[in-house]
Number of protein chains: 2
Amino acid sequence: MAAPLNGRARASIADVAARAGVSVGTVSNVLNRPERVSKHTRARVEAAVQDLAFVRNGSARQLRQGVPSVVGAIVLDIENPFFTAAARGVEDRLSRDSHTLMLGSSDEDPARQARLLQQFEEHGVRGVLITPPDETMTAIEQLRERGTPVVLLDRLSDHPDISSVSVDNVHGAKLAVRHLLDLGHTDIAFLNGHTSIPQCAERRQGARQALAEAGADPDSLVELTLSSLSSEGGSAAMSTVLEEHSEVTATFCINDMVALGALWSLRERRVAVPSGMALVGYDDVSFAPVLAPPLTSVRQPAREMGFRAADLLLGGGPAQQVVHRPELVIRTSTAG
Amino acid sequence: MAAPLNGRARASIADVAARAGVSVGTVSNVLNRPERVSKHTRARVEAAVQDLAFVRNGSARQLRQGVPSVVGAIVLDIENPFFTAAARGVEDRLSRDSHTLMLGSSDEDPARQARLLQQFEEHGVRGVLITPPDETMTAIEQLRERGTPVVLLDRLSDHPDISSVSVDNVHGAKLAVRHLLDLGHTDIAFLNGHTSIPQCAERRQGARQALAEAGADPDSLVELTLSSLSSEGGSAAMSTVLEEHSEVTATFCINDMVALGALWSLRERRVAVPSGMALVGYDDVSFAPVLAPPLTSVRQPAREMGFRAADLLLGGGPAQQVVHRPELVIRTSTAG
DNA sequence: ATGAAAGCGCTAACAT
DNA sequence: ATGTTAGCGCTTTCAT
């Protein structure tokens with residue numbers, strides 16, 4: 001039963017051909033265009049494939065015909081449910097065309113992103129879905145110019161040839177802060193990431209606009225800059241707020257993971273929410289409605305966004321910019 | 001500046017060689033063993049690489065030398081924070097050796113797993129990390145026999161040649177249910193997945209053992225079988241418990257996502273936790289401590305597990321079974 | 001319907 | 001130090 005593989009681990013198409021007593025071309029035809037092969041030989045070849053447990057060598061295949069079936073995706077943080085929900089949407093779309101997802105997390109680090117892009121390109125991926133961690137698009141544009149299609153995820157493209165699926169961040173942040181202002185809060189903290197991250201810059205803009213429109217001074221916003229948009233970052237930042245900005249009565253968090261961390265700190269210091277501190281998150285991830293207390297958050301359709309982005313990539317039509325409208329979901333963390 | 005690529009999108013090593021006025025072998029040497037090349041020519045080649053924006057063709061490279069730098073991983077559910085934390089651990093380890101992660105989610109479906117395995121194998125991955133959704137290991141063993149190393153993640157291997165990193169599920173479940181019994185609960189529901197999933201079978205065994213050891217009838221456990229180990233599944237199952245098993249005062253959930261869903265339902269029906277229903281989860285994911293109420297859960301070191309699994313895969317030493325010990329983290333969802 | 005053979009881009013062994 | 005070349009496994013003309 002063991003195959004005569006001359007020490008090689010995997011059977012090649014030549015091994016199959018030898019075993020079935022046909023040429024390699026015929027085996028290839030059985031694999032790719034079975035209708036061109038007679039019933040009889042097809043059966044013989046298929047038997048040989050079974051016997052040898054033959055598996056195609058994807059590298060050789062791709063080298064020859066250059067049609068990759070892998071799509072690369074780079075998200076900011078693989079532990080953020082917003083991005084895994086988006087990844088799930090991507091997978092939903094890819095599996096339709098039996099493509100595989102190669103997922104990487106840049107951890108908001110441009111250098112890590114560059115490394116991943118390089119690996120993806122060497123790999124010859126069919127295309128790349130990416131949430132860039134900063135404003136610079138040169139590496140991405142060059143990648144595209146060299147022939148790898150790119151779609152931006154959770155970031156509006158200003159390049160006419162690059163599609164994107166995003167959400168209006170300015171509007172989303174405005175909804176959040178306006179809500180806090182409507183509730184009577186005047187001293188509001190904003191736990192944000194570096195404004196080099198576009199989402200952070202845009203939401204900051206929205207937050208400040210909301211203040212301005214309400215006749216308040218945008219600079220009255222107490223801004224904290226987290227080095228990492230994670231629950232750990234949120235926890236540390238909220239501690240700072242409590243220690244150094246005791247006037248603050250409401251906090252807007254750049255995302256729900258940060259809000260989660262903020263809740264850790266508030267709980268630890270026995271600050272009641274919302275009476276001691278109102279809290280708004282962003283993304284409306286799955287756990288938001290059952291936090292203690294249920295978290296007010298700005299909803300983004302993560303899964304649909306991922307699906308759509310993958311669809312734009314595979315579809316290959318003209319570039320287009322899809323912009324979703326965010327929605328404020330009010331729960332007891334603000335209106336308790 | 002544009003390169004003479006004869007219509008091809010990407011520059012090849014031959015293009016670089018032509019531009020630099022050297023042979024392809026020399027270019028290859030600059031790329032792989034720069035010390036063998038004189039400073040002068042190296043500079044010329046590097047300039048050409050820059051000019052042409054040359055990127056290695058990974059397929060050709062792998063075809064030739066057969067050393068893949070991609071590791072495949074298949075988890076049960078990409079939206080479960082336990083698995084993304086594990087994936088993060090995997091990435092931590094892979095990035096040390098500049099390997100890339102190819103991540104797939106089987107969604108607990110053996111057919112999906114088979115498809116992913118096939119794609120990974122065709123791709124020629126360096127190895128596979130996998131949490132199998134059922135007991136059958138034939139596809140996995142065959143993959144290994146054909147030369148692709150495999151490490152089981154979150155599942156004990158009974159095959160001497162296959163390494164694994166797991167946690168003692170029987171013990172974990174026993175801790176959880178014993179805790180509920182200690183609190184005086186006698187009517188306990190267990191929101192479990194199909195027992196074809198090994199983790200589910202093992203935790204069921206632990207739950208029943210806890211009952212037996214306490215002198216109770218193991219069959220008194222009210223078992224619900226969810227088709228999906230997600231928050232949606234947990235929500236639906238908890239609704240059933242409330243409607244059809246009003247005697248139940250405590251529920252053990254197979255994981256924290258299910259517990260999250262259960263909380264949705266409890267909140268919707270205004271059942272207080274733990275007074276109306278005590279709740280225990282499994283995994284102790286990041287949001288567990290700040291749920292309403294904070295969730296008692298069985299902790300598993302997800303990130304370390306992923307790291308270790310990747311380490312075993314890349315290390316290539318003799319197969320070994322790493323078994324972690326779970327830990328019960330008691331919070332107010334049971335002992336409020 | 002089937003076979004023979006070229007060639008995808010790269011690496012490594014060998015030759016100079 | 002650099003060049004030449006075989007060949008990895010596959011797909012795809014072009015013959016037969």
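Letters A, B, ... are given to chains in the order of the sequence lines, protein chains preceding strands, and every chain is numbered from 1.
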Requested in this report: Check salt bridge (Lys or Arg N to Asp or Glu O under 4.0 Å) between D161(A) and all other residues, then give those that pass, not counting sequence neighbours.
Outcome: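 D161(A) satisfies salt bridge (Lys or Arg N to Asp or Glu O under 4.0 Å) with R144(A) only.
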List in chain and number order the residues that pass salt bridge (Lys or Arg N to Asp or Glu O under 4.0 Å) with D97(A), two or more places apart in sequence or in another chain; answer none if no residue qualifies.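 If we apply the salt bridge (Lys or Arg N to Asp or Glu O under 4.0 Å) test to D97(A), skipping adjacent residues, the hits are R93(A).
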Any residue meeting side chain to side chain contact (heavy atoms under 4.5 Å, CB included) with [X], in chain and number order, not counting sequence neighbours:
X	result
S164(B)	L152(B), L156(B), S157(B), Q321(B)
Q113(B)	S106(B), L117(B), I130(B), P132(B), P133(B), I140(B)
R42(A)	V30(A), P34(A), V37(A), E46(A)
Q199(B)	L76(B), T131(B), D154(B), N169(B), I197(B), R203(B)

Looking at [X], I'd like to know whether one of its side-chain N or O atoms comes within less than 4.0 Å of OP1 or OP2 on [N].
X	N	answer
N32(B)	dT11(C)	yes
R56(A)	dT11(D)	yes
S23(B)	dG3(D)	yes
S28(A)	dC10(D)	no

Checklist entry - Among V49(A), L31(A), V22(A), D51(A), which one satisfies side-chain contact (heavy atoms from CB on, under 4.5 Å) with V16(A)? => result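 When V49(A), L31(A), V22(A), D51(A) are each tested with V16(A), the side-chain contact (heavy atoms from CB on, under 4.5 Å) holds only for V49(A).
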Measure from [atom1] on [X] to [atom2] on [N] and round the result to the nearest Å.
X	N	atom1	atom2	answer
D15(A)	dG9(D)	CG	P	8 Å
Q65(B)	dG9(C)	CD	C1'	12 Å
R61(A)	dT11(D)	CZ	P	5 Å
Q62(A)	dT12(D)	CD	C1'	17 Å
L31(A)	dT11(D)	CG	C1'	11 Å
L63(A)	dT12(D)	CG	P	13 Å
E35(A)	dA1(C)	CD	P	10 Å

Check: Which residue lies toward the 5' end of DNA chain C, R33(B) or A60(B), if each is placed at its nearest nucleotide?
Finding: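 Nearest nucleotide further toward 5': that of A60(B).
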Query raised in the report: Under the 3.5 angstrom rule, does the side chain of R44(B) hit a backbone N or O of A20(B) as a donor-acceptor pair?
Result: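 Confirmed, R44(B) side chain pairs with A20(B) backbone.
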request  = Sequence neighbours left out, what passes side-chain hydrogen bond (donor to acceptor under 3.5 Å, both in side chains) with Q142(B)? Give chain and number order.
outcome  =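 If we apply the side-chain hydrogen bond (donor to acceptor under 3.5 Å, both in side chains) test to Q142(B), skipping adjacent residues, there are no hits.
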Check your understanding: Looking at five pairs on each end of the helix from dA1(C)-dT16(D) to dT16(C)-dA1(D), what is the angle between the two axes, given to 10 degrees?
Key ->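 Helix axis angle between the two ends: 40°.
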Check your understanding: Is there a salt bridge (Lys or Arg N to Asp or Glu O under 4.0 Å) between D92(A) and R303(A) once you walk through the steps?
Key -> CA-CA 9 Å; D92(A) 288 348; R303(A) 188 164 177 168; 2.9 Å; yes
Output one line per pair: protein atom, nucleotide atom from nucleotides 14-16 of chain C, and distance, for all N/O pairs under 3.5 Å.
none

Strand-adjacent residues in residues 37-44 of chain A, judged by heavy atoms under 4.0 Å from DNA chain C: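 The stretch gives V37(A), S38(A), T41(A) as the residues lying under 4.0 Å from the strand, ordered by number.
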_Any non-hydrogen side-chain atom of N57(A) less than 4.5 Å from a side-chain atom of E122(B)?_
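Not in contact.
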**Message:** Filter on ring-ring contact (aromatic ring centres under 6.0 Å, His included), then keep only pairs touching residues 96-145 of chain B, sequence neighbours left out; what's left?
**Reply:**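 For residues 96-145 of chain B, and leaving out neighbouring residues, the ring-ring contact (aromatic ring centres under 6.0 Å, His included) pairs sorted by first residue read H123(A)-H123(B).
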Check: protein-nucleotides 5-7 of chain C nitrogen or oxygen pairs below 3.5 Å:
{"unit_1": "dG7(C)", "atom_1": "N2", "unit_2": "R64(A)", "atom_2": "NH1", "d": "3.1"}

